[in-house]
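For the numbers below, each heavy atom of this structure counts, side chains included, while hydrogens, waters and symmetry mates do not. In what follows, every chain begins at residue 1, and chains take the letters A, B, ... in the order their sequences are listed. Since this is a predicted model, take the numbers as computed values, not measurements.
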There are 2 protein chains.
Amino acid sequence: MKQFARSPKDIGQAIRQARKDKNLTQKDLAVKSGVWQETISKVETGAASTKVETLFALLAALDLELAVLPRSRGSQADLEDIF
Amino acid sequence: MKQFARSPKDIGQAIRQARKDKNLTQKDLAVKSGVWQETISKVETGAASTKVETLFALLAALDLELAVLPRSRGSQADLEDIF
DNA sequence: AGACTATATGATGCGAAAGTCATATTGACA
DNA sequence: TGTCAATATGACTTTCGCATCATATAGTCT
C-alpha cells in the first residue's frame with residue numbers, strides 16, 4: 001500500500017501510518033532507528049523539518065524505501081506545502 | 001522510469017538523473033527551485049546531507065514526487081549507506 | 001591549447017534540527 | 001475516574017545545513 005509524498009508533512013504521515021501498522025510506539029521506533037522519540041514526534045506531526053538522514057533512518061527501521069517518480073496524478077502541491 | 005532510494009546518495013543520483021533528462025544545468029535548477037547551485041552539487045554527489053524541504057523543493061522543480069513503499073526488492077542497504 | 005560553461009570545493013555566519021532532560025498533555029483501559 | 005503508557009512541548013546546547021561569495025577544477029567545443 002503505497003503513499004505518495006510531495007511535502008515533509010506527507011512523509012510524516014506515511015511514517016506514522018507505517019509505524020502504527022507495525023504496532024510500534026514512537027519509543028520502539030526510536031530504539032530501532034536511533035532517532036529520539038521527541039524528534040519522531042516532530043517529524044510525524046510535520047512540526048519541524050528533518051534531515052534526509054533522519055528520514056532514511058526511520059524508513060529503514062520501518063522496512064520502507066522511497067521511489068522517485070514523475071508527478072503525474074492529482075493536483076500540484078504548491079510551495080506552502082513544502083516550506 | 002522509477003528510481004528507488006534507500007539513502008541520501010540514492011536520492012542525489014535520482015535528482016541528477018532527472019535534471020539531466022530535462023537538460024537543465026545545476027544553475028537552471030537553482031533558479032527554478034530556489035536552492036543554491038552549490039547546495040545542489042552537494043546533494044547530487046551525496047557529499048552532504050540535506051533538509052527534507054530542500055529535497056522537496058528540488059523534486060518539485062523537476063516535477064517529481066516520492067512514493068513510500070515497503071522494501072521488497074533487492075538487498076538491504078546497511079546503515080553506512082544512510083549515515 | 002584556449003576560452004567558456006558547468007560543477008565542485010572552501011570559508012564564514014546564521015539559523016534551525018537534533019540530542020538531551022524534564023514535564024505536560026493526551027490516550028487507553030481496568 | 002484514576003493510573004499508566006504514549007505522545008507532545010519546552011528549554012538549552014551542540015551540531016550542521018544553507019546562503020553567500022570566491023575560487024578551483026572539470027568538461028566541452030572550436
Side-chain angles (χ1 to χ4, degrees), chain A residues 3 5-64 66 68 77-83, chain B residues 3 5-64 66 68 77-83:
Chain A
Q3 295 262 16
R6 296 179 174 188
S7 69
K9 198 182 301 180
D10 291 345
I11 291 274
Q13 286 170 356
I15 286 177
R16 169 162 290 184
Q17 182 70 50
R19 177 175 64 78
K20 300 215 149 171
D21 287 351
K22 293 187 178 353
N23 270 45
L24 296 172
T25 68
Q26 288 183 350
K27 186 72 193 144
D28 294 336
L29 182 55
V31 171
K32 283 193 71 166
S33 64
V35 176
W36 246 241
Q37 177 264 317
E38 292 87 339
T39 300
I40 296 175
S41 171
K42 283 175 200 152
V43 170
E44 288 187 354
T45 56
S49 169
T50 325
K51 285 191 300 177
V52 179
E53 279 103 327
T54 305
L55 176 62
F56 277 108
L58 295 176
L59 292 173
L62 291 167
D63 281 302
L64 299 174
L66 296 180
V68 182
D78 54 326
L79 283 182
E80 281 127 52
D81 291 337
I82 296 171
F83 290 106
Chain B
Q3 294 263 14
R6 296 178 175 188
S7 69
K9 198 181 300 179
D10 292 345
I11 291 273
Q13 285 170 357
I15 286 177
R16 170 160 290 184
Q17 183 70 48
R19 177 175 63 79
K20 301 215 149 172
D21 287 352
K22 292 189 181 350
N23 270 45
L24 297 172
T25 68
Q26 289 182 349
K27 188 70 193 146
D28 294 335
L29 182 55
V31 171
K32 284 194 71 167
S33 64
V35 177
W36 246 241
Q37 177 265 315
E38 292 86 338
T39 301
I40 295 175
S41 170
K42 283 173 200 154
V43 170
E44 288 189 353
T45 56
S49 169
T50 326
K51 285 193 300 179
V52 180
E53 280 103 327
T54 304
L55 177 62
F56 277 109
L58 295 175
L59 292 173
L62 291 167
D63 281 303
L64 300 173
L66 296 181
V68 182
D78 53 327
L79 283 181
E80 279 128 54
D81 291 338
I82 296 170
F83 290 105

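We find that CD1 of I40(B) is positioned 13 Å from P of dA6(C), with the value rounded to whole Å. Rounded to a whole Å, the CG atom of D28(A) is 7 Å from the P atom of dA6(D). Atom CZ in R19(B) sits roughly 17 Å away from atom P in dT5(C) (whole-Å rounding). Nucleotide dG19(C) holds its C1' atom 14 Å from the CG atom of L58(A), rounded to whole Å. Look at CZ on F56(A): it is 18 Å from C1' on dA18(C), rounded to the nearest Å.
A side-chain donor-acceptor contact under 3.5 Å links Q26(A) and E44(A).
Among the heavy atoms of the strands lying under 4.0 Å from T25(A) are primed sugar atoms or P, OP1, OP2 only; no base atom is included.
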What is the per-nucleotide protein-contact pattern of nucleotides 24-30 of chain C, from the 5' end, where B denotes a base atom under 4.0 Å from a protein heavy atom, S denotes such proximity for sugar-phosphate atoms only, and - denotes neither? -------

Do nucleotides 11-30 of chain D as a string where each nucleotide becomes B, S or -: B if the base has a protein heavy atom under 4.0 Å, S if just the sugar-phosphate does, - if no protein is that close. ------SSSBBB--------

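In the helix from dA1(C)-dT30(D) to dA30(C)-dT1(D), the rotation axis of the first five pairs and that of the last five pairs differ in direction by 60°, rounded to 10 degrees.
At the phosphate of dA6(D), neither OP1 nor OP2 sits under 4.0 Å from any side-chain N or O atom of R16(A).
Of the possible polar contacts, none joining the T39(B) side chain to the V35(B) backbone as a donor-acceptor pair under 3.5 Å is found.
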